[in-house]
There are 2 protein chains.
Amino acid sequence: MTSTDSAAPVSVTDSAYDVFARACPSRGTLEHVTGRWGALTLGALHEGSFRFNELRRRVDGVSEKMLSQTLQALERDGLVHREAQPTNPPRVDYELTPLGHEVAGRLLALIEFVEGRMDDVLVARERYDAERGGR
Amino acid sequence: MTSTDSAAPVSVTDSAYDVFARACPSRGTLEHVTGRWGALTLGALHEGSFRFNELRRRVDGVSEKMLSQTLQALERDGLVHREAQPTNPPRVDYELTPLGHEVAGRLLALIEFVEGRMDDVLVARERYDAERGGR
DNA sequence: CGGGATCCGGCTTGATACTG
DNA sequence: CAGTATCAAGCCGGATCCCG
């Protein structure tokens, strides 16, 4: 809402990419999922249900604002379910929806695959840097 | 190289996230892969080998600079192979490495899954907006 | 505790122009 | 054609304050 934004309630990482969102609607959701905090949040929630500040601890380095935005975006996309209890102090639990679990599963498959091949990547990087970085 | 950057030859989307790259090396590669242009580029290259400007056409909306940076990052990670021929005019072809194909495959699996469920997502979004966006 | 609103700095991006 | 250098602008993301 800082500038020319007015219609969209939540954006997170879309504002500048409306063009693409229009051309390909899934792009927006994909950005939420694969984005930095989205991926980490899905990864955390894949292991169970957590409260806001529990998630903050698990998703290391995230600020309240970004976690809040990320959760809203994922909730809006139907990947995360938010359960608020009007107790005092308030208690809010977040968990993945069935769809969210499926998405998280595929995402984690990709992540784990890449992590499993990091040694190859590291070798490739060194070669690349040795050839071009030297000069 | 705009400011405090000096050691890393190529960054694309890392400069600000060094902290995380340090904590989890795969994070950087993941960002290259799942990032906006990275994903589109891998998707395009998954279908075959292409020249620079061919890719520019296929990856709609990408600027020369971003395509160049993206390709360099992916090449550095060992996911893309660059074949330059010293002819005149110069001809450079890009194609996925075997590792790149595996990664692209999993990425596309995720993307296609999300695209296949976009109707669910859209419904969820409308419900969400109806409840909270109304006011 | 759970989260919304605001301010602000810095990185990322996108045109443009130039080289080989 | 295949890129690189420069420049300006814009968005992301963090810190802070505040409310329920």
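In what follows, every chain begins at residue 1, and chains take the letters A, B, ... in the order their sequences are listed.
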* C/dG14 P sits how many Å from B/Asp60 CG, rounded? -> 12 Å

* Does B/Tyr94 make a side-chain N or O approach to OP1 or OP2 of D/dG3 shorter than 4.0 Å? -> yes

* **Partners meeting side-chain hydrogen bond (donor to acceptor under 3.5 Å, both in side chains) with B/Thr97 (sequence neighbours left out)** => none

* Whole angstrom is fine here: how far is it from NZ in B/Lys65 over to C1' in C/dA17? => 13 Å

* Asked: Just to confirm, is there a sub-4.0 Å distance from OP1 or OP2 of D/dT4 to any side-chain nitrogen or oxygen of B/Gln72?
  -> yes

* Kindly state each residue pair satisfying ring-ring contact (aromatic ring centres under 6.0 Å, His included) with at least one member in residues 82-108 of chain B, sequence neighbours excluded. => B/His46-B/His101

* Contact list for residues 39-50 of chain B, test salt bridge (charged side-chain N to carboxylate O under 4.0 Å, His left out), sequence neighbours left out -> B/Glu47-B/Arg58

* Structure fact -> When rounded to whole Å, the CD to C1' distance for the pair B/Glu64 and C/dT19 reads 13 Å

* By side-chain hydrogen bond (donor to acceptor under 3.5 Å, both in side chains) - contacts of A/Glu115 (at least two apart) -> B/Ser26

* **Whole-Å gap separating P (D/dT4) and CG (B/Asn53)** => 13 Å

* **A/Ser68 vs C/dG2: side-chain N/O to OP1/OP2 distance below 4.0 Å** => no

* Structure fact -> By side-chain contact (heavy atoms from CB on, under 4.5 Å), A/Glu54 pairs with (sequence neighbours left out) A/Phe50, A/Arg51

* **Minimal non-hydrogen separation, A/Ala104 against A/Leu96, with atom names** => CB-CD1, 3.9 Å

* Asked: When the distance from CG of B/Leu67 to P of C/dA15 is rounded to whole Å, what number comes out?
  -> 14 Å

* Asked: The side chain of B/Ser63 lies closest to which of these nucleotides: C/dG14, D/dG3, C/dG3?
  -> C/dG14

* Rounded distance in Å - CZ (A/Arg36) to P (C/dC11) -> 13 Å

* What are the residues of residues 79-92 of chain A, sorted by number, that bring a heavy atom to within less than 4.0 Å of DNA chain C? -> A/Arg82, A/Pro90, A/Val92

* **Whole-Å gap separating C1' (C/dG3) and CG (A/Leu55)** => 14 Å

* **D/dC1 OP1/OP2 closer than 4.0 Å to side-chain N/O of B/Arg51** => no

* Output all residues satisfying side-chain hydrogen bond (donor to acceptor under 3.5 Å, both in side chains) with A/Arg91, sequence neighbours left out; order by chain, then residue number. => A/Asp93

* **Whole-Å gap separating C1' (D/dA2) and CD (B/Gln69)** => 15 Å

* To do: Using five base pairs at each end, measure the axis-to-axis angle across the helix from C/dC1-D/dG20 to C/dG20-D/dC1 and round it to 10 degrees.
  => 40°

* To do: Sequence neighbours left out, what passes side-chain hydrogen bond (donor to acceptor under 3.5 Å, both in side chains) with B/Glu102? Give chain and number order.
  => A/Arg117

* Between B/Glu64 and B/Ser68, a side-chain donor and acceptor under 3.5 Å -> no

